[in-house]
Amino acid sequence: MTAGPVWKCPRTRLPVGASALLPDEKEVVQGVLLQQGKAWQSNQTAVTGFRKLLEDCCDPTQLFAMTKQNSPLGKNLWFDGEFLHSVTIDNATYSLFPQATPFQLPLKKCSVVGNGGILKKSGCGRQIDQADFVMRCNLPPLSSEYSKDVGSKTQLVTANPSIIQKRFQNLLWSRKTFVDSVKVYNHSYIYMPAFSMKTGTEPSLRVYYTLEDFGANQTVLFANPNFLRDIGKFWKSKGIHAKRLSTGLFLVSAALGLCEEVTIYGFWPFSVDLHGRFISHHYYDNVLPDSGFHAMPEEFLQLWFLHKNGVLRMQLEQCEGPLLQSSA
Amino acid sequence: MGYSDPSSSRDLLGNRTLFFIFICAFAVVTLLQQILYGRNYLKRYFEFYEGPLEYNSTKCLELRQDITEVKVLSMVKQSELFDRWKSLQMCKWEMNVTEANLFKSTLSRCCNAPAFLFTTQKNTPLGTKLKYEVDTSGIFHINQEIFRMFPKEMPYHRSQFKKCAVVGNGGILKDSRCGREIDSADFVFRCNLPPISEKYIVDVGVKTDVVTVNPSIITERFHKLEKWRKPFYDVLQVYENASVLLPAFYNTRNTDVSIRVKYVLDDFESQQAVYYFHPQYLINVSRYWLSQGVRAKRISTGLILVTAALELCQEVHLFGFWAFPMNPSGIFITHHYYDNVKPRPGFHAMPSEIFNFLHMHSKGILRVHTGTCSCC
């Protein structure tokens, strides 16, 4: 019965027998609990070492976003999520790019916030907001009911073109709802993988046009497909086999290259928390993803490995107890 | 004995002879022109302005007769028609109430603008399968989303406005100084998003109550509103509170773009209303004019607006409707008052439309302005 464990957690493109090597959910939780008692220690040599690795493979400071510097007029760009599809930077597209990566590099303290259900009732909002630079994934809701747990500050938020398509009809009709819905992100950058999938280009560019039309506070940054591809290759070499990396891992990788200190929140792809309680998939809903697209547990293990080595800090426990929260 | 030039008496082809020949040639040419171009050639230069003649004077009756007796445009030379039209300018214009009412009642039977000009919630209930004007196989289902955009009822009723101005975009408006006269009308229609900036204000005025937008303009100049929308919104802002009128259900290509206009104005919280031509109204109007001899792939927006105005207004004044390469005095003009971009040939039958207007002017149904204005 070798096929048994394979069907338990369906994944694609795994090397034969690889699934047997992966610990299942219970083992992971056990492993994490063992580590949990010890205080986390930042390891400066590991941080520099890992940043060096990223710089060699992907050069995040230069290539994080499409800029006039790294994508000159007439440059041919191959999409990273599409087979044999490329775009040539023409005048109209070129004018949408900033001159260079628009951050004050290096960034000091960064929070990368995933959308895992573990954030619910975590009381991590204040801690997240204390960072200098807060990154979030996929236009998460930030209404007041969540701010205690996820904070309210945002400097960069990613937006998947598929969300634009599903929630905002590709911005072809009314655009006001979109503009109103991104107001919670204040003066932040909206990071869009415009050149990853064929179908994502138009909606992503439309986000730019829309925000410019309304004079909104948010600015659109386009992800550089070369960067995304390099990051993907990097993690593939580390053993993550999936059709595509999750936005979260892209962001954490970028943060590790751009920031001096990285703390990640809400990265927990399992259905139970550390105390064995069932949790929802996201902190705001329980919509499960399509299986077999992302390889979340592998990604988690890689991040957990980095946590153990002191490269980044992963917050899994509650930040403030419920008692403390009510007094605050 | 003084010296005398031996050749002085024989000025063969010298100065004097040459001079004489020139005078003769000039006289002959003038005489020929007089014969060739008709009786008014010389009169035109010597006639002094007698002041407007009374509408009912015999002279004016005759001049009007001159125009109405031309049944088909090809019956006379264009210059001849221009001449007759020019002479008619001597006469004052008055509305002929009987003729006008007769015409309006014909229109109300065929087209009925006060009920069917726009798609409304009344004439296009939810669930209607709306037929397109040209794509006859195309059908548009009126769903809740679209139905919500329609006005409850037609915002205008029969003969609601006393004096209306329909402003075409003909080059004849250039230097006409008709701006103030246009603005003095109670209701002003304009076609196809024309520029009404400072530069043109003296000639075309600013007052606008309804402005039509051709979806092809949106497609070409504003990328179907799929990219930036502010530039388009800014253009519409110029017309202040004017309603925007679009042929959304003319063909299938127009629909999405036209509906998007409504979203743009809503998103920017504009007060301007958006209306859509009812495709049945467009069909009926084209059919009517086809019976009047306007044969074209498509009648122009101007003609549709004039037809609608005739039902909605008591008195209709036309400005900038002149589709010939020269004005009535024979001076070449640009195609539009703002540019000289020629239209696609064979699409509209402009001369035939204008010819109909001149007829209607002579009958006292509406008034066509082709000269300079001196009013107000």
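Quick note on labels: first sequence line is chain A, next is B, and so on, each numbered from 1.
- Using a 4.5 Å cut-off between heavy atoms, B:Glu145 does not touch chain A at all.
- Going from atom CG of A:Leu171 over to atom CG of B:Leu225 covers 13.0 Å, rounded to the nearest 0.5 Å.
- Note on ring orientation: taking the six-membered ring where Trp is involved, the planes of A:Phe214 and B:Phe268 are parallel (angle under 30°, cut-offs 30° and 60°).
- No more than 12 heavy-atom neighbours from other residues, nucleotides or ligands sit within 6.0 angstrom of CD on B:Glu198.
- In this structure, A:Leu205 and B:Lys227 have side chains that are not in contact, with every pair of non-hydrogen atoms separated by 4.5 Å or more.
- B:Glu240 CD: 12 or fewer foreign heavy atoms inside a 6.0 Å radius.
- Here the side chains of A:Trp173 and B:Ile259 are in contact, with some heavy-atom distance below 4.5 Å.
- Chosen from B:Tyr263, B:Trp228, B:Tyr233, the residue pairing most often with chain A at heavy-atom distances under 4.5 Å is B:Trp228.
- Within 6.0 Å of atom NZ in B:Lys342, more than 12 heavy atoms from other residues, nucleotides or ligands are found, so the atom counts as buried in its surroundings.
- Residue-environment remark: CZ (B:Arg253) stays at or below the threshold of 12 foreign heavy atoms within 6.0 Å.
- Within a 6.0 Å sphere centred on NZ of A:Lys68, heavy atoms belonging to other residues, nucleotides or ligands number more than 12.
- With B:Asp267 contributing its side chain and A:Ser174 its backbone, the two residues share no donor-acceptor pair below 3.5 Å.
- Put simply, of B:Arg229, B:Glu269, B:Arg260, B:Lys224, the one with the most heavy-atom pairs under 4.5 Å next to chain A is B:Arg229.
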